[in-house]
Amino acid sequence: SVKATVRCPVDSPRVQYLRDTTAQSSSGSLELVQVPDLQQGSEALDTALAGSQYVFHVASPFRFDGDPDLDIVQPAVRGTKAVLEAAAKQKPGVKRVIVTSSVCAIHDMNRKQPP
């Protein structure tokens with residue numbers, strides 16, 4: 001089974017895509033856990049990771065306006081740190097945390113258009 005954190009579990013197109021993909025799979029199930037702000041260490045994040053053996057951290061902010069450091073880098077660092085700290089609290093422990101990169105790593109922010 002898979003647990004996924006979402007800001008809002010309402011059936012938005014993104015959440016519906018997760019539900020549809022899981023429904024097409026013959027193995028496992030999907031549980032959506034609401035974590036309103038990944039940047040904040042929270043009880044919701046601890047609950048989301050409870051019982052997990054593996055954590056894939058794939059969320060990262062991306063926007064075209066504002067300050068890249070304040071609006072992209074710092075929130076990404078805080079979110080990753082919160083996930084790692086929540087994973088470290090789990091007993092029995094999480095075996096592995098996989099942190100993916102962001103499209104921000106390859107995108108020229110000066111272009112002000114989607115990659």
Side-chain angles (χ1 to χ4, degrees):
S1 73
V2 172
K3 289 186 206 176
T5 61
V6 293
R7 288 184 195 102
C8 182
V10 176
D11 284 338
S12 72
R14 292 178 192 169
V15 172
Q16 191 57 48
Y17 174 79
L18 293 173
R19 292 183 195 280
D20 292 345
T21 302
T22 303
Q24 295 171 8
S25 172
S26 61
S27 60
S29 62
L30 174 67
E31 177 186 349
L32 298 177
V33 181
Q34 184 172 2
V35 179
D37 186 356
L38 199 58
Q39 297 178 54
Q40 306 289 322
S42 67
E43 187 175 319
L45 185 54
D46 294 340
T47 299
L49 298 184
S52 298
Q53 293 182 357
Y54 303 98
V55 175
F56 288 81
H57 178 46
V58 298
S60 193
F62 185 74
R63 43 190 301 181
F64 293 104
D65 60 343
D67 181 290
D69 184 57
L70 291 174
D71 298 323
I72 296 173
V73 175
Q74 290 182 30
V77 169
R78 285 191 301 268
T80 300
K81 185 177 177 185
V83 169
L84 293 172
E85 289 172 348
K89 291 183 204 175
Q90 301 306 308
K91 304 290 183 228
V94 170
K95 293 180 182 179
R96 183 159 295 165
V97 176
I98 296 92
V99 179
T100 63
S101 185
S102 167
V103 71
C104 293
I106 61 169
H107 181 68
D108 179 359
M109 292 302 291
N110 295 319
R111 289 185 51 211
K112 303 287 185 199
Q113 56 185 321

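Note that these values count all heavy atoms, side chains included, but never hydrogens, waters or copies made by symmetry.
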From Thr100 atom OG1 to Ile98 atom CD1, the distance as rounded to the nearest 0.5 Å | 10.0 Å
Arg19 to Leu30 - nearest heavy-atom pair and separation = N-CD2, 4.0 Å
Can you hop from Val97 to Val35 via hydrophobic side chains spaced under 4.5 Å?
-> yes
About how many Å separate CG of Asp71 and CG of Asp65, when rounded to the nearest 0.5 Å?
-> 7.0 Å
Smallest separation among heavy atoms of Ala44 and Val33, with atom names = O-CG1, 4.1 Å
Is the shortest heavy-atom distance from the side chain of Leu38 to the side chain of His57 under 4.5 Å?
-> yes
Same apolar cluster: Val99 and Val55, side chain cutoff 4.5 Å | yes
Partners meeting side-chain hydrogen bond (donor to acceptor under 3.5 Å, both in side chains) with Lys89 (sequence neighbours left out) | Asp46
What is the minimum heavy-atom distance between Val94 and Ala87, and which atoms define it?
-> CG2-O, 3.7 Å
Please round to the nearest 0.5 Å and tell me the distance separating atom CD of Glu31 and atom NZ of Lys3.
-> 5.5 Å
Heavy-atom side-chain contact between Leu45 and Glu85 under 4.5 Å | no
